[in-house]
Each structure stands twice: as C-alpha cells, then as structure tokens.
Amino acid sequence: MKKILFVTSEVHPLIKTGGLADVSYSLPKALAALGQEVKLILPNYRALKLTRNVQLRSVLKIGSYTVQLLETTLPDSNMTVWLVDCPEYFGMAGNPYVNQNGVAHANNAERFALFCRAAIEVAMNRAQLDWKADIVHCNDWQTGLVPALLSLEYQCPMTVFTIHNMAYQGLFSGLTAAKLQLPSQFLTPEGLEFHGMVSFIKGGIAYADKVTTVSPSYAQDIQTAELGYGLEGLLVYRNEDLKGIINGVDDDWNPENDPLIVQNYNQYSLHLKTQNKTALQERLNLPVDEKVLMLGLISRLVEQKGIDMILDCMSELMALPIQIVLLGSGDKSFEQRLIQFAATYPQKMALTLGYNEELAHLIEAGADIFLMPSRFEPCGLNQMYSQCYGTLPIVRNTGGLADTVVDTLPETIENQTATGFVFNEANAGALLETIKRAMLLYNFPESWRQVQVNGMNRDFSWRHSAAQYLDLYSCIE
Ligand code: ADP
C-alpha cells in the first residue's frame with residue numbers, strides 16, 4: 001500500500017474548468033479502490049462548491065504568508081481533500097485561473113507557487129498531519145514547482161508529473177520569477193528557464209521521477225515540434241521516463257443508471273435511446289423527429305477543439321437533413337458566430353452557451369453523432385462517453401482521439417471493431433466529408449446499431465488506467 005498525495009488545481013465536483021477535474025476525481029478513487037491511501041490537495045478557491053464539513057487541520061507559514069490547511073472529503077466518497085487556504089491568493093472571484101472577464105489572474109505565478117510550497121510541506125510531513133507521502137502525483141503546470149522543489153529535500157517522496165495539456169505551460173516573466181525567490185540553480189535552461197522566462201511545467205517535466213501524459217499517442221505528439229511547444233527536446237530527453245496512460249470514464253457516465261437523462265438504456269434496449277432525443281428536441285425547441293440525424297457537441301469553444309472547422313462548414317451542414325445541438329462556452333468570437341447561425345437556423349440548430357452538466361448528459365444520450373474535430377487532443381473524454389452512450393463520435397486522428405476511436409471501414413464493420421468516424425486533415429472539408437460518411441451509414445440501421453454496440457462494449461473503466469499508474473509508482477526506485 002502506498003501513500004499518495006494527489007496535487008491538483010481542480011477536482012470535480014468541487015471546481016472544474018476541464019478534463020483535469022474529472023481525472024482528479026476519478027483516478028484517486030480508482031487508486032483507493034486498488035488498496036492505496038490517497039489524499040488530495042488543492043487550493044481553497046472562493047468558488048469551491050463545498051458540501052461536506054470543513055475542519056481546520058493546521059496552520060503553516062509559507063514565506064511571509066500564513067496559510068491554513070483545511071480538511072474535507074469529496075462528496076459521495078470518503079476521499080480526504082486538504083485545502084490550502086490563503087484568501088489573498090485564492091479568495092478572488094472568477095475561476096481558478098482567470099477573472100470574471102476571462103483574463104488570467106495577475107498573480108498566478110505567486111498563487112500557484114504558494115500552493116506548491118504548501119503541498120511540499122504536507123508531502124514531507126511538516127504540516128502537523130502525521131502523514132508522509134510515498135508518492136507525490138502532480139498535474140499540469142500549476143503543480144510543476146513541486147517536483148523541482150522536492151528534489152532539493154532530503155529523503156523526499158517519489159514524484160510523478162502528469163501532463164494533461166502541453167498548451168498550458170505556466171510561463172512567467174523573469175521579473176515575476178524574481179518574486180518567487182526560487183533557488184538560483186533552477187534559473188538555468190536545464191532548470192525552469194525558458195527563453196528568459198520561468199516555466200512551471202518544466203519543473204514537472206525536468207525534475208519528476210516519472211512523467212506521464214493522458215494517452216500513448218499524445219506522449220508521442222508532444223515529442224514533436226508541432227505539439228511540444230519548444231519543450232519537445234526535453235521530452236525526447238525524458239523519453240525513457242515518459243508514458244502515456246489513457247484516462248478512464250467515471251461511473252457517472254453510464255446510460256444504464258444515469259440519473260441525469262430522461263430514459264435509461266443499455267445495448268440491449270437501444271431503442272429507448274430515442275426518448276432522450278425527443279426530450280432534447282422538446283427542451284431545445286427543435287422540431288420533434290425521431291428519425292432526423294442529430295449531431296451533438298459539448299466543448300470549450302476554443303481553437304484546439306476545432307470549433308472554427310465546424311463554423312467553416314456550418315452553411316453546408318445546415319443544408320443537410322440534420323439537427324445540431326451545441327453546448328459550450330469560450331472564445332467570444334466563436335460564441336458570436338454560433339449565435340448568428342443559431343438565430344438563422346432555429347429549426348436545425350440549438351445553441352446553449354455556458355456550462356451545464358445535466359444538459360451534457362442529455363446530449364450524450366440523445367444525439368446520434370458526437371463531434372470532436374480537435375486540432376490536438378491529449379486524451380479527450382467526450383469521445384469515450386459517446387461510445388458508452390451509443391453515440392458515434394466523429395473525431396480527428398490525433399492524440400487520445402486516435403487511441404480510443406476505431407474508424408468505420410468495411411473491414412472494421414466486418415470484424416466488429418468500428419466505433420466511430422476518424423478523419424485526418426484539420427479542415428472543414430474533411431470534417432464535412434466525414435459527417436456525410438456518417439450520414440450514409442445512418443441509412444443502414446443494422447450496421448449503425450452494430451457500431452453503437454461495438455462502442456458500448458468497450459471497457460473504458462478507470463480500473464485499467466489506475467492499474468497502469470500503480471505499476472508506474474511501483475517501478476520508481
Ligand atoms: P478539455 O479538458 O480539454 O476541456 P476533455 O474532453 O478532456 O476536454 O474534458 C472536458 C470535460 O468537460 C468533459 O467532461 C465535458 O463533458 C465537460 N464540458 C466541457 N464543456 C462543458 C459545458 N459547457 N457544459 C458541461 N460540461 C462541459
């Protein structure tokens with residue numbers, strides 16, 4: 001049994017901006033189910049949705065700051081969560097990284113440096129918790145200073161650093177770096193320096209005992225100039241210690257007992273799925289039609305997710321006999337263009353801007369096709385949820401999408417491995433062609449059903465992924 005400190009900047013359902021929150025919820029639970037002792041640590045943001053009791057456990061001095069360490073548990077489990085409380089840094093409005101106007105908090109470097117230092121005090125058993133970590137599992141740039149600073153400690157725990165998205169690196173000016181009072185040996189190109197700036201993610205990549213990312217393909221992708229963001233050399237250098245482990249799907253995403261959908265179903269009662277489509281059409285004021293092919297999308301509306309590709313073929317899409325249901329928020333320019341299309345085609349397109357967990361479940365259950373044309377995708381969750389819900393994903397051939405969706409081709413229909421549609425080129429034309437390819441299959445209900453069942457038969461459970469992390473922890477000497 002290992003004592004694992006899971007260091008993260010977000011965890012569902014307390015606070016979530018993306019897939020990291022889902023992983024931070026599911027992986028620790030799955031590791032605990034495999035007999036490990038896992039504790040989570042995250043900042044005590046004002047926006048946290050706390051439902052369980054919160055207790056003061058200790059008070060720490062970090063630089064000139066007095067930090068309270070609070071303890072609570074995750075809803076629906078007994079997983080301990082330690083909260084690093086420092087109102088000056090985490091008490092502001094907005095989400096963990098940006099203010100209400102979507103602008104990064106000006107003191108993000110100081111905020112997450114303080115968080116990292118607090119996590120180190122906990123990991124090293126210097127926080128009056130009577131607990132010392134064997135493994136410190138860090139996630140994304142916000143936690144990148146932990147492996148770096150821990151490497152200076154005597155008898156430090158082993159460290160794992162997981163990259164959920166290389167596009168976010170925690171890069172700050174040299175001036176900011178000075179305020180962080182980092183040991184001078186880190187301020188070199190071999191350390192945290194990146195072209196005169198300080199890079200938090202480098203702290204994780206350069207100093208952790210093991211580096212992981214969230215799919216085998218993305219582990220390869222980030223070793224190339226295209227997706228390595230200037231750190232591909234370092235990642236190639238760490239190649240021996242770099243592993244891709246695909247994320248799992250949490251039990252919450254199961255159409256058989258999902259309380260957030262209108263009608264539960266499984267692969268043997270797929271005909272019931274349609275009731276969710278009807279409910280979705282009624283709710284979103286679309287014409288009720290069981291037969292029409294419905295495309296769904298749930299996404300941050302950012303370039304990474306290929307939203308521009310969808311927009312660029314929207315006029316052609318609107319000429320097809322389909323409905324499209326979109327849920328998301330993000331770049332204002334994408335939002336504006338989508339609002340215009342939705343206003344022009346109210347019979348065909350329903351747009352919901354914002355974040356809505358319940359609607360997300362209903363879209364997964366109600367849609368026939370799920371669109372995920374990402375330019376790059378470390379792992380991606382919705383393409384896996386879609387397969388669990390018998391909703392065929394259309395994805396680009398990249399990262400975790402490539403690892404989890406099997407394209408529908410004559411041979412993959414024949415050997416019953418097809419689970420969706422995959423395209424290569426990152427452009428609107430290729431996406432449109434693939435949607436048309438899906439429409440063709442939709443005319444053959446038996447084949448369509450077989451592809452649905454193939455996807456629903458896949459095992460995306462977290463148990464598999466957690467076992468791989470456990471193997472990794474065991475091989476760190
Ligand atoms: P990323 O972390 O890059 O945003 P992922 O596919 O890994 O992408 O995870 C996104 C998660 O956030 C999924 O669980 C998805 O359902 C959810 N999500 C994204 N946007 C919304 C939204 N507007 N409403 C509800 N859930 C959303």
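Reckoned from all heavy atoms, side chains included, excluding hydrogens, waters and symmetry mates. Counting convention: from 1, in listed order, for ligands and their atoms alike. All residue numbers refer to positions in the sequence shown, counting from 1.
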Exercise: do Gln323 and Asp289 side chains pair donor with acceptor under 3.5 Å
no
Side-chain donor-acceptor pair under 3.5 Å between Asp258 and Tyr389, yes or no?
yes
Check: Arg458 side chain, Met384 main-chain N or O, donor-acceptor pair, under 3.5 Å:
no
Asp459 side chain to Ser461 side chain, donor-acceptor N/O pair below 3.5 angstrom:
yes
If we ignore angles and hydrogens, is there a donor and acceptor under 3.5 Å between the side chains of Tyr473 and His137?
yes
Does a donor on one side chain sit under 3.5 Å from an acceptor on the other, for Asn139 and Thr8?
no
Could you list each N/O atom of ligand 1 together with any protein N/O atom closer than 3.5 Å, one pair per line with the distance?
{"from": "ligand 1", "atom 1": "2 (O)", "to": "Gly19", "atom 2": "N", "distance (Å)": "2.6"}
{"from": "ligand 1", "atom 1": "3 (O)", "to": "Arg300", "atom 2": "NH2", "distance (Å)": "2.8"}
{"from": "ligand 1", "atom 1": "3 (O)", "to": "Lys305", "atom 2": "NZ", "distance (Å)": "2.8"}
{"from": "ligand 1", "atom 1": "4 (O)", "to": "Arg300", "atom 2": "NE", "distance (Å)": "2.7"}
{"from": "ligand 1", "atom 1": "6 (O)", "to": "Leu381", "atom 2": "N", "distance (Å)": "3.0"}
{"from": "ligand 1", "atom 1": "8 (O)", "to": "Lys305", "atom 2": "NZ", "distance (Å)": "3.0"}
{"from": "ligand 1", "atom 1": "14 (O)", "to": "Lys16", "atom 2": "NZ", "distance (Å)": "3.3"}
{"from": "ligand 1", "atom 1": "14 (O)", "to": "Asp22", "atom 2": "OD2", "distance (Å)": "3.2"}
{"from": "ligand 1", "atom 1": "14 (O)", "to": "Tyr385", "atom 2": "OH", "distance (Å)": "3.4"}
{"from": "ligand 1", "atom 1": "16 (O)", "to": "Asn382", "atom 2": "OD1", "distance (Å)": "3.1"}
{"from": "ligand 1", "atom 1": "16 (O)", "to": "Asn382", "atom 2": "ND2", "distance (Å)": "3.4"}
{"from": "ligand 1", "atom 1": "23 (N)", "to": "Gly354", "atom 2": "O", "distance (Å)": "2.8"}
{"from": "ligand 1", "atom 1": "24 (N)", "to": "Asn356", "atom 2": "N", "distance (Å)": "3.0"}

